[in-house]
Amino acid sequence: LRQRFRSAVQSLSQPQEEIITVPTLQVVRETWRDQLSLTGINIMSSLFVRLPVLMLGWYGTGTEIGFYSAASRFTTAARIVPGAFLQTILPQYAERSEHAPRIRTVLGTTTLIALLIGSLLGFGAPLLMSVTFQFRTSEMTLQILSIAFVMLSIKTVVEGFLLEIGRAHV
């Protein structure tokens, strides 16, 4: 798939006199299949992030939704970090044949970064809430969500490696 993408980019950068070939139906199907699984993962991740607010909407009050939403803003924004990390590291990982040492290094680094961000969110919850939303009630929720952030960050990287390994062996 990576080679096909490089070929497509190279063909687009060639002079216009050359004819750009249309991908075969098989290539389109393979690309669609690869993207469909990632699309499913992205949809499930979005639902997972928003499900607590939906549940609070069904069973809680507007005030409870506000307190939770205020706390979850910080962890939702921090979730960009593992995704950005994966976008940077996985292409390099896919090009190497010695996966095991690289996995340990990346997982260790990810765990350290996740712990650092989670600690900043958890221990900084009183300050963050007083400076931004001024909801002292949201402090404990942010502290709990900061613990979940650490676990979800590690899960995201492991999931990315498992997807990449699966593609490398197909």
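Using a 4.5 Å cut-off on side-chain heavy atoms (C-beta onward), Phe67 and Thr141 make no contact. Taking 4.5 Å as the limit, every side-chain heavy atom of Phe74 sits out of range of all side-chain heavy atoms of Leu145. Residues Arg73 and Phe133 form a side-chain contact, since some pair of their non-hydrogen atoms from C-beta on lies under 4.5 Å apart. Side-chain atoms of Pro52 and Tyr68, non-hydrogen and from C-beta on, do get closer than 4.5 Å to each other.
Following chains of ILVMFWY side-chain contacts shorter than 4.5 Å, one cannot reach Ile154 starting from Leu120, and the two form parts of different hydrophobic clusters. Taken together through direct or relayed side-chain contacts under 4.5 Å among Ile, Leu, Val, Met, Phe, Trp and Tyr, Leu121 and Ile144 form parts of separate hydrophobic clusters. Tracing side-chain contacts under 4.5 Å through hydrophobic residues (I, L, V, M, F, W, Y), one never reaches Leu152 starting from Leu51; they form parts of separate clusters.
No side-chain donor from either of Gln143 and Glu139 sits under 3.5 Å from a side-chain acceptor of the other.
Remark: Phe149 CZ to Thr76 OG1 distance equals 10.5 Å, nearest 0.5 Å. For the atom pair CD1 (Ile65) and OG (Ser72), the distance works out to 11.0 Å, reported to the nearest 0.5 Å. Atoms CG and CD1, from Leu115 and Ile147 in turn, are 11.0 Å apart once rounded to the nearest 0.5 Å.
At distances below 3.5 Å, not a single donor-acceptor pair connects side-chain atoms of Ser153 with backbone N or O atoms of Ala114. With hydrogens and angles ignored, the 3.5 Å screen pairs no side-chain donor or acceptor of Ser69 with any backbone N or O of Gly66.
Nearest heavy atom pair, residue Ile117 against residue Ala78, reads CG2-CB, 3.9 Å. Among all heavy-atom pairs drawn from Ala70 and Ser138, the shortest one is CB-OG, 4.0 Å.
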Under 3.5 Å, sequence neighbours excluded: what are the donor-acceptor pairs made by side chains of residues 123-130?
| residue | atom | partner | partner atom | Å |
| --- | --- | --- | --- | --- |
| Ser130 | OG | Pro126 | O | 3.2 |
| Ser130 | OG | Leu127 | O | 3.0 |

